[in-house]
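We name chains A, B, ... by the order of the sequence lines, and we start the count at 1 in each one.
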Protein chains: 2
Amino acid sequence: MHESRGHDDGRGGTGAATAFVPGHVTAFFSAHARPDDPAAAGSRGAGVALSDGVRVTVADDGGGSAPGVVDFDGERVAVDPVGRVLDGLGVPGATVAATSDLPLGTGFGVSGALALGTAIAGNAAAGTTRSENDLVELAHVAEVEAGTGLGDVVAQARGGVPVRLEPGAPGAGGRLDGVPIRPRVEYVAFGELSTAEVLAGDTAALSAAGAAALSDLRAAPTGPRLLGLARRFAREADLLVPEVESALAAVAEAGGEAAMAMLGRSVFGFGTALSDAGYEASVCRTHAAGATLVDADAGSDSP
Amino acid sequence: MHESRGHDDGRGGTGAATAFVPGHVTAFFSAHARPDDPAAAGSRGAGVALSDGVRVTVADDGGGSAPGVVDFDGERVAVDPVGRVLDGLGVPGATVAATSDLPLGTGFGVSGALALGTAIAGNAAAGTTRSENDLVELAHVAEVEAGTGLGDVVAQARGGVPVRLEPGAPGAGGRLDGVPIRPRVEYVAFGELSTAEVLAGDTAALSAAGAAALSDLRAAPTGPRLLGLARRFAREADLLVPEVESALAAVAEAGGEAAMAMLGRSVFGFGTALSDAGYEASVCRTHAAGATLVDADAGSDSP
């Protein structure tokens, strides 16, 4: 893809550029609203960045149709945060096209990935010379304001197995740690669960459960503990759905470790947890890197 | 390598584990001593994480010989920070073996990589369940106390093109940003330059030059500006050596962009800068990910 070459020349935009953003499943979280300051709003919690992710190409060609409308795997989809990011970069008319292995709305951070990928690729395409922290903040604020997510963007900008110690963008109080593991990941998506709806409800019990889980994870950040705390969180926050409950029971019976992806009707596990339990699971790896421009020279989607 | 499997089981040590740590060239820096608090000491500045790096295997077998002695590409080498890291993990007798494309002592962050790789692999091998921030702090403090480096470890833990906004480990005030570029990198190493010697000297002029460069980079974080500021820093800090000076002149004549690697008798450039100028350069990529356990399942050195 010749249009995305030369994004490192810094002498203005390249016209078009592509970014890869890992998927992200949240294991547990607590919500932290800040109506006065969306950059400082967000969530605490933990999750896993996935090598299955979203590839976002932004073309600064003024050819965009309706604001925030994205070509997602060939379908025209309205993604509110994407329009906000393009506005923030000053290129509201840019065209955004994305391809992904992941389904929208099922707890894999696709909307966060679209926002962050648009920020990173859009910056290179338009030559707006923002820093990475600035681009993360732009995408994070877009997600928070759209009500589509609280913690995916900062986690997807980091990669690995991110632990969100303090909510918010990097320059607005946000602080991250990580669990030093890189497991193989299996997942199954049963269907959508509205993030906006859950976040708009009473989140007090959910946040208490999330805070307790974070504290227990920090005492010994390991893989099995992450998944065990995620299961406890899903029960305590009353978010379990029947398909997920059956899958978790089947995995436990097979001797594996899995949890529900927040917020979606989805399960994820480490190693061969889901296939051992008889599920036809998608398979990927923990993605060590955060979101990044795709290096056209390296010829790889997953730098 | 079967011994490194199962590092994600969290049920105690795996006996042996392997980590990959990207190399790191510093473009410019300012030194910030904190004799009272080595975790908060460090440097501000910017550099590039390299896909050429160091692969470190730690075996918690009690078979270590002298403290801090590492098998580095088959040679027995004493690396002070490595001994400190093993002490910090409580496994002073562990064996450390490393392989690398990079030469020691020439400005590619090999000693930082050995310290950080020992921390990450040692934690998995010994089952000490530290968080990633804790492991970065352990390696950072070891480098600072040994006098072998100030900023490589935190940069190598992040990956990409790290900008060190505030000195220190993640939990001790350290703050990072990044330049959103992922260039191909070429480099040539002419020989060693003692980090310890330079850092033990008068660093006031150097730090003033580094602070000015950081401020100018933050105003527009792009690739050409990073290298231009690095060249200005090398002149102002009076660190240029003749081989590097000739290489920079040759690259400029050929229309490319390169800079001196701090601290080594080495040059690095983006794209084909050095080969265009007639140098037989080593070639690698910007490494998007920070240091990480090698996923034995994925069968790749460079996760």
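- Across all their heavy atoms, P221(A) and T129(B) have their closest contact at CD-O, 3.2 Å.
- Between E132(B) and R182(A), at least one side-chain N (NZ, or NE/NH1/NH2) sits under 4.0 Å from a carboxylate O, which counts as a salt bridge.
- Rounding to the nearest 0.5 Å gives a distance of 13.5 Å between CD1 of I181(B) and CD1 of I120(A).
- For L165(A), the part sitting under 4.5 Å from any heavy atom of chain B is the side chain, from C-beta outward, and nothing else.
- Contact annotation: the side chain of V179(B) never approaches that of S131(A) to less than 4.5 Å [non-hydrogen atoms, C-beta and beyond].
- Only the side chain of N123(B) comes within contact range of chain A, with at least one heavy atom under 4.5 Å from a heavy atom of that chain.
- No donor-acceptor pair under 3.5 Å is formed between the side chain of N133(B) and the backbone N or O of G178(A).
- Of the atoms belonging to R130(B), it is backbone heavy atoms, and not side-chain ones, that fall under 4.5 Å from chain A.
- Only the side chain of L135(B) comes within less than 4.5 Å of a heavy atom in chain A; its backbone stays farther off.
- Across R158(B), R225(B), R218(B), the residue that shares the most heavy-atom pairs under 4.5 angstrom with chain A is R158(B).
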